[in-house]
Amino acid sequence: MKIEKEILIKMYSDMVRIRAFEHKARDLFAAQKIPGFVHLYVGEEAIATGVISNLKPEDYIHSHHRGHGHLLVKGGDPNVMMAELFGKTDGYCKGKGGSMHIAAVDLGMLGANGIVGAGLTLAAGVGFALKYLKTDKVCICFFGDGSSNRGTFHEGLNMASTFKLPVVYVCENNQYGISNRQTTAMNITDISDRAGAYGIPGITVDGNDPVAVYEAAYEAIARARRGEGPSLIECKTWRHRGHFEGDPSTYKNPQEQAAWLDKDPIPQFAKKLLDLKYVDQKTLDSIKAKADQDIEAGVAFAEKSPYPEISELTTDVLA
Amino acid sequence: MNRPTVGLIANPASGKDIRRLVAHGTVVDNQGKVSIVRRLVISLMTCGVGRILYMPDYFGLMHKAVDGLGSNYSFKDGLLKNAQAPGPGIKIEQADVELTGSQNDSRTAAEAIARQGAKCILVLGGDGTCRQAAKGSGQVPLLPISSGTNNVFPSMVEATTAGLAAAAVALDLAGPQAVYQAKRLTIEKNGQKVDEALVDAVVTRGSFTGSKAVWDVSDLAQAVFTRGEPGDMGLASIIGKTNPVSPKDSFGAYVVFDPRRRDLMAPIAPGVIKAVGVTDSGRLYVGEHIDISVSPAVIALDGEREVEISENDKVSISLSSQGPFVVDLEAALAGSVALGFYRDAQRLAELG
């Protein structure tokens with residue numbers, strides 16, 4: 001499979017942009033400028049990038065509580081995203097969703113979700129609608145290793161496989177559900193093994209390699225568009241930070257953490273692009289500078305944006 | 001009685017690559033591999049093998065295999081016993097190896113198992129697993145068993161039978177025809193050996209190792225094979241369907257591809273039969289090499305994209321007769337039958 005140079009450079013830029021956004025969110029949370037909880041995607045950027053780079057603007061994604069990266073690659077504006085994290089009126093959800101519930105329906109981002117595993121059934125519902133309406137659109141469902149133990153995993157994949165719905169289930173297996181190591185919570189190590197129970201393809205790829213993820217997602221998305229049903233792609237990865245900001249990650253083995261930091265997807269991909277002479281160091285530097293500049297602009301935008309009025313408290317909310 | 005050691009390398013990561021999406025490969029879950037390991041253990045134990053040295057793995061295949069043997073079995077202080085069989089049981093020990101979680105584990109495990117005195121090493125996995133194990137097995141014969149559907153080097157064989165064959169080799173009951181030395185391909189880049197392959201080294205146009213597998217025939221540029229028989233699957237079928245080469249022949253083969261042509265129908269992946277364009281092919285004898293004339297490119301070794309070739313790299317692939325020692329399963333079983341192993345009084349007594 002040949003991936004055009006321009007796509008590869010855009011993928012790299014997206015990864016750098018996610019990293020810049022997340023590092024800024026880290027600093028802002030520490031400075032108490034962001035309310036609520038913040039769950040960072042640092043180290044997992046290759047997955048959102050490799051998958052969403054295959055999508056059309058009209059396709060959909062469902063995210064989870066670690067969803068900033070998904071929205072950024074789907075076209076999220078860092079200004080509006082940062083305003084949402086700040087809880088300001090110019091945010092995607094008028095400041096009422098925050099980091100864990102950010103959604104941008106116009107961009108096809110149907111929401112981060114604070115309920116672990118909730119997206120698995122919601123994505124099946126979206127897939128049902130897309131098929132019912134006879135579109136060739138697809139829905140990606142990002143979820144974690146921990147949520148694959150929830151009942152919604154079975155319900156979602158059972159329905160999606162039975163009705164051959166155009167959903168691609170992407171498991172971002174960072175090996176921890178909060179502080180709970182995967183090996184202590186399930187009797188298998190490869191979540192792709194579970195695909196067989198639903199009669200669908202299940203594969204495992206290196207989640208730190210954006211090209212490996214891209215290739216797998218390309219095939220699974222094409223399959224879904226052809227009406228052949230869902231697939232399960234497990235991406236093995238590692239979150240560099242704690243479960244949430246403020247989590248000291250004392251449950252992680254320091255040597256293992258160091259080994260995974262050596263497999264950081266961004267410098268690995270940068271080296272590859274340099275080796276291929278697709279970019280030079282100057283271009284990489286300018287990509288980084290542009291990402292930092294955009295995110296700084298987002299912070300300035302968010303800081304200027306007003307908080308919602310008290311009178312807004314009950315509008316746009318249910319229950 | 002001679003109670004030899006048999007090694008076991010079972011790879012929990014095999015059978016999960018992109019061929020489940022781009023072809024119709026079987027999803028091989030690890031519970032299935034546990035069951036295969038269990039059957040191997042039973043065969044080795046029943047035949048009087050004294051010890052299994054196994055590669056530890058992140059899934060715990062051996063632990064789960066032993067754990068599910070049933071209430072007749074007990075496992076204490078590294079000794080597995082069957083209460084219904086009067087035999088001495090079998091020791092089950094981890095090979096002396098540090099896991100890295102990478103494909104190198106199969107190589108270092110094979111080295112350790114060979115060093116610790118195994119007489120035969122069972123390998124459960126695909127061509128990729130065998131390729132790594134073969135780098136470390138030295139003089140100890142490998143008995144490779146396929147855990148999937150797209151393999152050439154390992155055999156699709158029932159594990160119970162494979163265990164009997166491994167035991168026959170370890171107990172010196174298999175006869176002289178049971179083990180042969182396979183061929184090997186060596187890949188050199190800019191004068192340095194960078195890797196090796198057991199079945200094929202296929203040069204594909206592209207720049208990334210990505211998801212490893214090769215399924216798009218329009219990417220094929222050149223290939224070198226140690227073997228390729230009419231019944232083979234995967235890229236080796238290209239040789240198998242034109243000028244077959246057996247594992248025991250003293251030569252291999254090379255092919256030059258042209259994606260614009262349609263010369264040959266080949267099953268290049270499970271359920272995927274494609275037209276392949278071949279402009280040149282021929283025999284490659286031991287000691288000869290093929291220069292690679294394409295760049296940028298990636299060489300797939302035994303089906304997995306591994307070696308990247310940049311614009312100025314000088315790369316060649318040579319054929320060697322010094323590959324791993326391999327058990328011919330049918331010959332090993334025939335040898336042990338000829339010696340009356342399955343009618344041996346002590347074996348029958350220990351069976352219970």
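Because the structure is predicted, anything quoted here is derived from the model rather than measured. The sequence lines fix the lettering, A, B, ..., with proteins before strands; numbering per chain opens at 1.
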Taking 4.0 angstrom as the limit, do B/Glu308 and A/Lys272 come out as a salt bridge?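 Counted as a salt bridge, because a side-chain N and a carboxylate O are separated by less than 4.0 Å.
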
Looking at B/Asp29 and A/Arg194, does any basic side-chain N land under 4.0 Å from a carboxylate oxygen?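 The answer is no: the pair does not qualify as a salt bridge.
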
So which bits of residues 214-222 of chain A come within less than 4.5 Å of chain B, counting non-hydrogen atoms only?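 So the qualifying residues are A/Glu215, A/Ala216, A/Glu219, A/Ala220.
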
If you count heavy atoms of other groups shown closer than 6.0 angstrom to [atom1] of [X], is the number above 12?
{"X": "A/Lys288", "atom1": "NZ", "result": "no"}
{"X": "B/Lys274", "atom1": "NZ", "result": "no"}
{"X": "A/Arg226", "atom1": "CZ", "result": "yes"}
{"X": "B/Lys189", "atom1": "NZ", "result": "yes"}
{"X": "A/Gln281", "atom1": "CD", "result": "yes"}

Looking at CZ of B/Arg20 and CD1 of A/Ile233, how far apart are the two atoms once the value is rounded to the nearest 0.5 Å?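 It is 14.0 Å, given to the nearest 0.5 Å.
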
With a 3.5 Å distance limit and no angle check, can you tell me whether A/Asp193 reaches the backbone of B/Asn30 through a side-chain donor-acceptor pair?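 Yes.
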
A/Val205 and B/Ile18: side chain to side chain contact (heavy atoms under 4.5 Å, CB included), yes or no, with the steps? CA-CA 8 Å; A/Val205 297; B/Ile18 197 169; 5.6 Å; no

Nearest heavy atoms of B/Phe59 and A/Ile188, plus distance in Å: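 For B/Phe59 and A/Ile188, the tightest heavy-atom pair comes out as CE1-CA, 3.4 Å.
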
Please give me the minimum heavy-atom distance between A/Ile203 and B/Leu21, naming the atom from each residue.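 Shortest heavy-atom separation between A/Ile203 and B/Leu21 comes out as CD1-CD1, 3.7 Å.
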
Engaged part of B/Asp219 at the chain A interface, taking heavy atoms whose separation is under 4.5 Å: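 The answer is the side chain of B/Asp219.
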
Which atoms of A/Asp209 come close to chain B, meaning under 4.5 Å heavy atom to heavy atom: side chain ones, backbone ones, both, or neither?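 When you check distances to chain B, only side chain atoms of A/Asp209 fall under 4.5 Å.
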
Check whether A/Ile3 gets within reach of chain B through its side chain, its backbone, both or neither, counting any heavy atom under 4.5 Å.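 For A/Ile3, neither part sits under 4.5 Å from chain B.
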
So which residue, A/Asp275, A/Asn187, A/Asp190, A/Thr204, ends up with the most heavy-atom pairs under 4.5 Å with chain B?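 Option with the top pair count is A/Asp190.
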
Quick check on the interface: out of A/Ala212, A/Gly202, A/Gly196, A/Ser231, who has the most heavy-atom pairs with chain B under 4.5 Å?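 Greatest number of close heavy-atom pairs with chain B: A/Ala212.
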
Ring pair (Phe, Tyr, Trp, His ring centres under 6.0 Å) with A/His240: which residues, sequence neighbours excluded?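 With sequence neighbours excluded, A/His240 shows a ring pair (Phe, Tyr, Trp, His ring centres under 6.0 Å) to no residue whatsoever.
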
Looking at B/Pro296, B/Ser207, B/Ser310, which has the largest count of heavy-atom pairs under 4.5 Å with chain A?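 The candidate making the most pairs under 4.5 Å is B/Ser207.
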
